[in-house]
Trainee: 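Quick one: this structure, given as structure tokens, is what I'll be asking you about.
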Protein chains: 2
Amino acid sequence: MKEMEGYDASKYERPSVTVDVVIFALHKGDLHVLLIQRKRPPYQDMWAIPGGFVQMNESLEMSARRELMEETAVADVYLEQLYTFGAPNRDPRTRVITIAYIALVPFSTINPKAGDDAAETAWFPMNKLPTVAFDHAEILGYAFTRLQYKLEYTTVGFELLPDHFTLTELQHAYESILGEKLDKRNFRNKIMAAKILKESGKMKQEGKGRPARLYHYRKDAAAEIKTRRLFP
Amino acid sequence: MKEMEGYDASKYERPSVTVDVVIFALHKGDLHVLLIQRKRPPYQDMWAIPGGFVQMNESLEMSARRELMEETAVADVYLEQLYTFGAPNRDPRTRVITIAYIALVPFSTINPKAGDDAAETAWFPMNKLPTVAFDHAEILGYAFTRLQYKLEYTTVGFELLPDHFTLTELQHAYESILGEKLDKRNFRNKIMAAKILKESGKMKQEGKGRPARLYHYRKDAAAEIKTRRLFP
DNA sequence: ACAAAAGTGTTGAGAGTACACCCATGC
DNA sequence: GCATGGGTGTACTCTCAACACTTTTGT
């Protein structure tokens, strides 16, 4: 802030500041992202991450939540600041710095574009993304890497599931995001040992085969665990 | 970016955007931060994290490196984006959004404020910080937590040491940042097993007691290791 | 010779990983 | 009764953590 001494706001040209929200959900066993289709140049008709300008009287997180509300009509979902992207020419029109957020929503709870203006929105599986506008491919890649990473040492994965879920559903969620198969017995042993799930007493009735126990996530459980250190 | 369709830059009031750089170094066995003393209101005479406005034609990282150069006259040091702080009233004058960075510098390589204007700068040990301006206490706390955290699963710790160092010096660096004593044999076994150090063949001559081997960091070594998962 | 710091291995406990079969339900 | 997915335990390996003495130098 040193250079703000003797400061006169008007003498500095200021960049535009936006917030973009990468909205993840699990659908049919695959991780999806919500994108909106642009109606005007630049990048007309291309898909883009939902976002908008930061208003002068709202915090960055409030701004992100407002975007999220506009696109999915859900509140109270997991939201985390990802990274700030500010390459001088990432938007061809003018200097735009964007603070990117990640949101994790249970797919079933949202009614897409319920609260929204007429913009076209759609869910895309992460492994079949369309060409996206601006530097949004970089942002999506960064967001996906961060999600995979956090999945390994936090419990954010639960935020993608409905209130009640079976252990098999949970395991599939992990497998699909991490991109690898996990051992059923080890998965169940480890997750039960962590004591972060509670049996709901109910059973899943739909589907074939033996009905599965439904669990739910204990939000009071510790969100992170100690990881193995590189050096002790 | 949805709301940027049909966009006219002039119709949005824009916040100011700054970059703040939390500069860490190890000095006399303790982690220190470089702060500058403010010469004008608000928060006159208080200490603050060095920073400045983002220029229209420079990237965020370039902006952070420029600040770093101005304060410490070092280039080519470790620099990492930390978090973006944007509470509406964090600066009482106007809306200022700041992208905070962390820099790790070897204390010996810097000549403080060599390339700088006349602002008063000083190093403070992390456990004896003065009262700081704006929301800088929050930023410093966040930066410190992140540094501790990364120390455990990356090799960023080496960035705080000079080119050549002894294993005891390295261990002291870890101990002082993590705030706990480590076992000498375990520390040495584990760090040598990681194969990220090379003997320089030289010995440390100064000091009492048996001379110590000097090592240096193999920059080609993998920067991160796989951590223990919460669930596999 | 003594003070000061460098250097060096082993053992027991706990966690990770690999692995195969029986169970409950719907049709 | 059979197809479908749910549910369960053990043995081996590897990593972690605790722990004490000898070596090299300067004075």
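The structure displayed is predicted, hence computed values, not measured ones. Each chain gets a letter, A, B and so on, in the order the sequences are listed, and its residues count up from 1.
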Trainee: Hey, can you pull the donor-acceptor pairs under 3.5 Å for the side chains in residues 73-80 of chain A, sequence neighbours left out?
Mentor:
| residue | atom | partner | partner atom | Å |
| --- | --- | --- | --- | --- |
| Y78(A) | OH | E80(A) | OE1 | 2.4 |
| E80(A) | OE1 | K150(A) | NZ | 3.2 |
| E80(A) | OE2 | R146(A) | NE | 2.9 |
| E80(A) | OE2 | R146(A) | NH2 | 3.3 |

Trainee: Tell me, please, which residues at least two apart from H172(B) pass ring pair (Phe, Tyr, Trp, His ring centres under 6.0 Å).
Mentor: none

Trainee: List in chain and number order the residues that pass side-chain hydrogen bond (donor to acceptor under 3.5 Å, both in side chains) with E61(B), two or more places apart in sequence or in another chain; answer none if no residue qualifies.
Mentor: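 Scan of E61(B) (side-chain hydrogen bond (donor to acceptor under 3.5 Å, both in side chains), adjacent residues dropped) gives R65(B).
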
Trainee: Does K190(A) make a side-chain N or O approach to OP1 or OP2 of dG16(C) shorter than 4.0 Å?
Mentor: yes

Trainee: Whole angstrom is fine here: how far is it from CZ in F187(A) over to P in dG6(D)?
Mentor: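 From F187(A) CZ to dG6(D) P: 12 Å.
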
Trainee: Separation of K204(A) atom NZ from dG6(D) atom P, in whole Å?
Mentor: 8 Å

Trainee: How many Å lie between CD on E175(A) and P on dG5(D), as a whole number?
Mentor: 14 Å

Trainee: How many Å lie between CD1 on I191(B) and C1' on dC16(D), as a whole number?
Mentor: 16 Å

Trainee: Not counting sequence neighbours, which residues clear side-chain contact (heavy atoms from CB on, under 4.5 Å) with A133(B)? List them please.
Mentor: R38(B), Y43(B), M46(B), A48(B)

Trainee: Nearest-Å distance, CE (M203(A)) to C1' (dC23(C))?
Mentor: 12 Å

Trainee: With sequence neighbours left out, what residues match K198(A) under side-chain contact (heavy atoms from CB on, under 4.5 Å)?
Mentor: H216(A), R218(A)

Trainee: Is any side-chain nitrogen or oxygen of T168(A) closer than 4.0 Å to OP1 or OP2 of dG5(D)?
Mentor: no

Trainee: OP1 or OP2 of dT8(D) versus the side-chain N and O atoms of R188(A): is any pair under 4.0 Å?
Mentor: no

Trainee: Nearest whole angstrom, please: distance from the C1' of dC16(D) to the CD of E152(B).
Mentor: 14 Å

Trainee: Would T168(A) and R188(A) satisfy side-chain contact (heavy atoms from CB on, under 4.5 Å), going step by step from the backbone distance to the final call?
Mentor: CA-CA 9 Å; T168(A) 302; R188(A) 291 159 103 100; 3.7 Å; yes

Trainee: Can you sort out the partners of Y83(B) under ring pair (Phe, Tyr, Trp, His ring centres under 6.0 Å), two or more places apart, ordered by chain and number?
Mentor: F85(B), Y142(B)

Trainee: Can you tabulate the close N/O pairs, meaning under 3.5 Å, that link protein atoms to atoms of nucleotides 18-20 of chain C?
Mentor:
| residue | atom | partner | partner atom | Å |
| --- | --- | --- | --- | --- |
| dA18(C) | N7 | N186(A) | ND2 | 2.9 |
| dA18(C) | N6 | N186(A) | OD1 | 3.0 |
| dC19(C) | N3 | R185(A) | NH2 | 3.4 |
| dC19(C) | N4 | D183(A) | OD2 | 3.2 |
| dC19(C) | N4 | N186(A) | OD1 | 3.4 |
| dA20(C) | N1 | R185(A) | NH1 | 3.4 |

Trainee: Specify the separation, in whole Å, of atom NZ of K181(B) and atom P of dC19(D).
Mentor: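 Those two atoms, NZ and P, are 16 Å apart.
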
Trainee: Separation of Q205(B) atom CD from dT27(D) atom P, in whole Å?
Mentor: 12 Å

Trainee: Nearest 0.5 Å please: distance from the CG atom of L170(A) over to the CG atom of L161(A).
Mentor: 5.5 Å

Trainee: Using heavy atoms and a sub-4.0 Å distance, could you list which residues of residues 208-215 of chain A are near DNA chain D? By number, please.
Mentor: K208(A), G209(A), R210(A), P211(A), A212(A), R213(A)

Trainee: Suppose we screen for side-chain hydrogen bond (donor to acceptor under 3.5 Å, both in side chains). Which residues come up paired with K204(B), at least two apart in sequence or across chains?
Mentor: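 Residues passing side-chain hydrogen bond (donor to acceptor under 3.5 Å, both in side chains) with K204(B): E169(B).
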
